[in-house]
Amino acid sequence: MTEVKEEKTLAEEMGEKIKEISIAEFFEKNKHLLGYENPTKSLLTVVKEFFDNSLDACLEARILPTIKVSIKEVKENVYRIVVEDNGPGLPPDKIPIAFGKFLVGSKFMRLRQNIGTQGIGAKGAILYAQLTTGKPAKITTYFKGKKYEIELSIDVIRNEPKVISRKEEPIEKNLHGLKVEVFVEGRYIEKGQSIPTYLKYIWITNPFTKIVYDGPNSSFTLERVVNELPKEPKEIKPHPYGVELGRLKRMVHMTKSRNVVGFLTSEFSRIGRDSALSICKIAKVDQEKKPSELTDEEIERLHKAMQSVKLMSPPTDCLSALKEEYLAESLKKEFEPEFVVAVVRKPAVYRGYPFQVQVGLAYGGKIQEITQEAILLRFANHTPLLYNQSDCAITRAVEEVDWGNYRLPRNSKGLPPAPLVILVDLISVWIPYKSEGKQAIAEYPEIIKEVKLALQEAGRKLSIYLHKKFVREHLAMRANIFEAYSEVFSEFVSDLTGKPKEYIKNKLIEIIRRGEYKDGEEKKMKEEVIEVK
Amino acid sequence: MQFYIKPKQKNEILKTLRGLGESFLKEIEEGKNPSVEVPVRTLRNIKFDPKERKIFLGGYVSKRYFLHLGETRRFTQLAGIASLSKKLIEEDKHVSLREAFYILKRTIPGLKKNIVEEQEESNRAIEDLELVINALREQLHMNANKLGAVAGNVVIKDRGDLIDWSKLGSGGWSVPSNVEDIEFVEVNAKFVIYVEKSAVWERLHEDKVWKKLNCIIVASQGQATRGIRRLLQRINYELGLPIYVLTDFDPWGIYIYSVIKFGSIALAHISDRLAIPQAKFLGLTGDDIKKYGLEKHLIKFKEIDEKRLKQIREYEWFKHNKDWQRQFDLMEKMEAKAELEALAARGITFISEKYLPEKIKNGEFLD
């Protein structure tokens, strides 16, 4: 289990390390893991961190999100970034800690389908801004009838927020939301792995969101296509099959349970008293022992035993997929294809983690103007993955599908050469990223299989459409050809018979438009050989 | 003269062409898919009549439809040729096959295509029409290029001009595609020698063979054209002169003889107007090679020659002929072929002064 990185390791490590070194130094050492390895990606990461936070906040508060993103170049390679949402806002007292002190992520120890999970996102962005331009961040919140404007920076030696100014003024009572403003050094691009691309893609899988973008070169508004939030994902406890040893050790120390059996039944999903007793028995661990007194060897035996008992699969109400028609609707709006299909699979399980795959295919129409080679959009928990495409389980699954079976041009390797958009969204409480960069998904056979099944199901629907289209076009093409030849043929028949050409032509076109000459008949007619005598 | 069918009259052909148009019109008015029946021209529909000794077309007819993706183009071309032919006959004009192609070639409105793109297409349409209305392309006023050479003591009338085949210098008379309207005014010859090579014809002409043996000599390059075959047939049927075919001793030469005598597979539908069942083979034989000592002048068989030999000896009209099977055996044993020009090894005029007079005198023909 080396591929899946502990989501907290980095954060925890930070916690330990900042006692010894400055947080700035740590950031500098690890910026490649945090998405700040080059100026282009850094700018995107800053926007992404604030945007994801805003979206999560709205979803958690069950508010239909409206998120505004503004990016302006203030001098060469320095940008002012503003991200504003209509979420619940934050109490002003919490703002300095939430934005200015590391390790205070509210999403830390939870197993729930979320967009951001690192707990360092927004703070990382603020720190990056501070390190590149030296300017403080300005956080504005509309909260309980007041507007609070707080300027803060991070004391990189002490890892403490430093509030520079604080203003408040009364506002209309029911206004709510949060606005973050930072100055960042970076490089802005319009196309490809860019901020506009990120916003357009994240809107497709979150079509209940309204996005207003005001960029250096372009601005657009993406209206919501759905006025309904997806059902709220439930938080679940870890399933024993998926828990790593390191995590088990931490859980043992943090639990409030007084004995091992209690610990097992209350901290894990799908472990009842009977299962807990048999785990203890197999592990040869005293069921009454206090969890915090377990030795490392005992924890290791427990870990092993947990994998060997038979348990029910984890509950799947922790996942929240879109409705198929919503996904199809937003794909349609973004790409204006001639055909679109979305498939949402039932939840499945890998290593004790529930996961679910949703895919969409958009074919032809305006896509033909963009590309003749399929475009793959990868998502994890409704968030676009713009980097490391070649190294991802989703890519592998897409490439393993034989697209030729679905009336698309076959390609021995890679994506099918067709005007096609392939969207794959993997939803899970625990996305097995290949690295801290969180841009590629590890190649678990269960995941690849589910993605392939979803794509095949969608492919079959596309294939039906393409067949109908082919028949339709074929018939139209036939009629066109016949009518063109009728023009000259009726002239010849007129020459031979003396009847007016137009008369003959019109009669012929009548016959053609009746369309009684189908492929089947055609075949039969061709084989018709009459033997005389 | 029982095999000889007089060509249809102009009026008759015009009537048939109009009839073809009427049949299309009738179907169109009835709301049906316009169709035409075309005799099948593949090998399975080629028959040999052992009594009359000629190839003919069997009874398979394929029905073609205008509203059929695979056929609409060819169907239109057929109607185009029929319409062109009608105009030509009415105006009493003749065109070459090349001209017919250019007349038919124009863009189809709404398609980026011409009615015909290559001459092959218009040629094929002409052959289709021949089959459909049972007439020769010459009767449809479409002619191939003139070809070949003729010399002999014969005077003919062609479009009002008198032509003396004995007074045309070294080149002789070229045979037009259409020989239907030629009249034989004065004929002073006992037989015809048809030779497959113009070089050999020039030899015979220089040696005045036609004068010495009192015959007509005719040549083309390779396979005889329709015009030449039709001319030979008319001489045979109308003047009663025997036709002797002079070729190399190889499968290709023997097939040239076979086409003149029995008709060809490609033109089986008009065998009646081209085949000469009484024609005889005067070419080199396996026996000649021994008799005239040509063993040192043979050309080794290639694989393609062997293959062709195997095909030819299986043809219905050769299969049961012992004399021919014997020649095929000799050829197979030699694994080689002999050219007429090889006779020059025995002397430049050997063919004219010795070979031909002797063979004809002794009646050494193959039938």
Side-chain angles (χ1 to χ4, degrees), chain A residues 368 407 466-533, chain B residues 14 17-35 37-40 42 44-45 57-87 90 104 106-115:
Chain A
Q368 287 185 43
R407 293 176 199 273
L466 289 177
H467 177 65
K468 280 188 187 153
K469 182 186 171 191
F470 171 78
V471 170
R472 204 169 57 233
E473 284 180 352
H474 179 71
L475 288 177
M477 184 266 300
R478 271 164 48 99
N480 276 345
I481 289 175
F482 288 155
E483 287 186 22
Y485 276 96
S486 293
E487 177 75 27
V488 279
F489 180 69
S490 47
E491 182 188 316
F492 296 146
V493 176
S494 167
D495 290 344
L496 291 170
T497 60
K499 277 262 177 189
K501 176 192 156 185
E502 286 304 310
Y503 168 78
I504 301 167
K505 193 179 113 187
N506 291 339
K507 290 257 170 203
L508 263 174
I509 286 174
E510 258 175 54
I511 300 173
I512 295 162
R513 301 246 162 109
R514 270 205 332 258
E516 272 167 32
Y517 306 98
K518 300 268 152 55
D519 285 337
E521 282 174 60
E522 206 170 72
K523 226 175 217 167
K524 221 172 89 198
M525 288 199 295
K526 202 164 191 177
E527 285 160 6
E528 192 179 341
V529 172
I530 306 149
E531 193 168 2
V532 185
K533 275 181 249 180
Chain B
L14 275 177
L17 287 170
R18 266 197 296 271
L20 184 66
E22 298 290 347
S23 80
F24 295 153
L25 185 63
K26 186 166 174 267
E27 281 170 313
I28 293 167
E29 286 179 330
E30 287 170 0
K32 285 185 193 156
N33 193 349
S35 69
E37 286 178 4
V38 190
V40 173
T42 54
R44 75 171 169 142
N45 201 27
L57 215 50
Y60 286 104
V61 174
S62 85
K63 198 161 185 177
R64 300 229 186 101
Y65 290 88
F66 174 60
L67 298 178
H68 179 296
L69 272 193
E71 293 172 0
T72 187
R73 182 172 173 79
R74 204 163 156 179
F75 204 103
T76 306
Q77 292 164 347
L78 175 82
I81 288 293
S83 139
L84 171 61
S85 171
K86 180 172 170 272
K87 277 180 212 161
E90 282 169 352
L104 202 57
R106 62 184 149 99
T107 308
I108 301 166
L111 289 183
K112 279 180 191 148
K113 264 188 177 174
N114 294 315
I115 298 173

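A quick note: this is a predicted structure, and the numbers were derived from the prediction, not measured. Note on naming: letters A, B, ... go to the chains in the order of the sequence lines (proteins, then strands), and numbering restarts at 1 for each one.
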Point to revise | Partners meeting side-chain hydrogen bond (donor to acceptor under 3.5 Å, both in side chains) with B:Ser83 (sequence neighbours left out) | key: A:Asp495
Point to revise | Pair B:Glu90 + B:Lys86, salt bridge at N-O below 4.0 Å | key: yes
Point to revise | Main-chain N/O of B:Pro109 paired with B:Thr107 side-chain donor or acceptor, under 3.5 Å | key: no
Exercise for review: Start with the C-alpha gap between B:Phe24 and B:Phe66, add the side-chain angles, then the distance that decides, and say whether ring-ring contact (aromatic ring centres under 6.0 Å, His included) holds.
Suggested key: CA-CA 9 Å; B:Phe24 295 153; B:Phe66 174 60; 8.5 Å; no
Review point. Among B:Leu25, B:Leu84, B:Leu111, B:Leu78, who wins on heavy-atom pairs under 4.5 Å with chain A?
Key: B:Leu25
Practice item. Tell me, out of B:Gly110, B:Ala82, B:Gly80, B:Ser85, who's got the most heavy-atom pairs with chain A below 4.5 Å. Key: B:Gly80
Check your understanding: In terms of heavy-atom proximity below 4.5 Å to chain B, should A:Ser490 be classed as side chain, backbone, both, or neither?
Key -> neither
Check your understanding: How about B:Glu29 and A:Tyr503: does a side-chain donor come under 3.5 Å of a side-chain acceptor?
Key -> yes
Revision key, fill the gap. Applying salt bridge (charged side-chain N to carboxylate O under 4.0 Å, His left out) to A:Glu487 and not counting sequence neighbours gives A:Lys501, A:Lys505
Practice item. Sort A:Glu483 into side chain, backbone, both or neither according to what part of it lies under 4.5 angstrom from a heavy atom of chain B. Key: neither
Check your understanding: Measuring heavy-atom distances to chain B, does A:Lys507 have an atom under 4.5 Å in its side chain, in its backbone, in both, or in neither?
Key -> both
Practice item. For the pair A:Glu510 and A:Arg514, find out whether any cationic side-chain nitrogen is under 4.0 Å from an anionic carboxylate oxygen. Key: no
**Study point:** Heavy-atom proximity to chain A below 4.5 Å, by part of B:Ile115
**Key:** side chain
Check your understanding: In terms of heavy-atom proximity below 4.5 Å to chain A, should B:Arg64 be classed as side chain, backbone, both, or neither?
Key -> neither
Study note, to complete from the structure: Residue from B:Glu27, B:Arg106, B:Lys87 scoring the most non-hydrogen pairs under 4.5 Å with chain A is B:Arg106
**Study point:** Best-contacting candidate, A:Ser494, A:Gly498, A:Ala484, against chain B by heavy atom pairs under 4.5 angstrom
**Key:** A:Ala484
